[in-house]
Amino acid sequence: MEFTGFRKIAILDDQEAVTIAYKDVRDDHTDTKWLLLKYSAENKIVLHWTGSDCGKFFAKFTDKVRLFAFIRLDFEEKGPETIKRTKFVLLSWIGQDVANEKRQRVHGDRECIKSVIKDYDCELCLYEETGIDEKLILQKVEEAETK
């Protein structure tokens, strides 16, 4: 008898490379601000890119893709004194043109990402957003913190 109700969770390919990239993003002494994971043709989650240029980074969030990202947000909190703060965000992105079956897989597959990316301030899942940028992510983090 064959069971069809269970689905295979995607595999995080090359966990060592992802771990190195994750530590690099968290390191205060590097310029690396983010890492980007995507699905390969074999349904594996692979390290796609790391970097510091947020413009190029957010350009990858298109309507046809599913992505996972770990982002370092450095900002200043204004008050009686200006305080420099850092927030780390685990982000799942589901483009609006992604098929329903693939959309549903993202939530379960996120668990294999969390086996490596364990320490973050906020977890977000975004889809069908227009104008995704660092400001929008920071706004979503602030909204999540006030809930």
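Just so it is clear, the values below take in all heavy atoms, side chains as well, and ignore hydrogens, waters and symmetry mates. Worth saying up front: this structure is predicted, and the values here are computed from it rather than measured.
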Between the side chains of Arg26 and Asp119, is the shortest nitrogen-to-carboxylate-oxygen separation below 4.0 Å, so that they form an ion pair? yes
Indicate the ring-plane relationship of Phe58 and Phe61, choosing parallel, tilted or perpendicular according to the 30° and 60° boundaries. tilted
Is it true that Asp53 and Lys33 make a salt bridge, defined as a side-chain N closer than 4.0 Å to a carboxylate O? no
Between Glu76 and Lys78, does at least one N-O distance fall below 4.0 Å, as a salt bridge requires? yes
Contacts of Thr62 meeting side chain to side chain donor-acceptor pair (under 3.5 Å) (sequence neighbours excluded), chain-then-number -> none
To the closest 0.5 Å, what do you measure between CD1 (Ile71) and SG (Cys54)? 8.0 Å
Reported CD1-to-CD1 distance for the pair Ile113 and Ile45, which is rounded to 0.5 angstrom: 4.0 Å
Side chain Arg110, main chain Ser92, donor-acceptor under 3.5 Å: no
Nearest-0.5 Å distance that lies between atom CG in Leu67 and atom CG in Leu91: 8.5 Å
For Asp24, is there any backbone N or O sitting under 3.5 Å from a side-chain donor or acceptor partner on Thr30? yes
Starting at CD of Glu16, measure out to CG of Leu47 and round the result to the nearest 0.5 Å. 12.0 Å
Mark yes or no: Arg66 above the aromatic ring of Tyr39, with NZ or CZ under 6.0 Å from the six-membered ring centre and no more than 45 degrees from the axis. yes
Could you tell me which residues satisfy side chain to side chain donor-acceptor pair (under 3.5 Å) with Asp28, sequence neighbours excluded, listed by chain and number? Arg72
Gap separating the CD atom of Gln104 from the CD atom of Glu101, nearest 0.5 angstrom: 7.5 Å
Would Glu142 and Lys140 count as a salt bridge (Lys or Arg N to Asp or Glu O under 4.0 Å) here? Give the steps. CA-CA 5 Å; Glu142 289 171 353; Lys140 298 282 186 186; over 6 Å; no
Please enumerate all residues that pass ring-ring contact (aromatic ring centres under 6.0 Å, His included) together with Phe70, with sequence neighbours excluded. Tyr22, Phe88
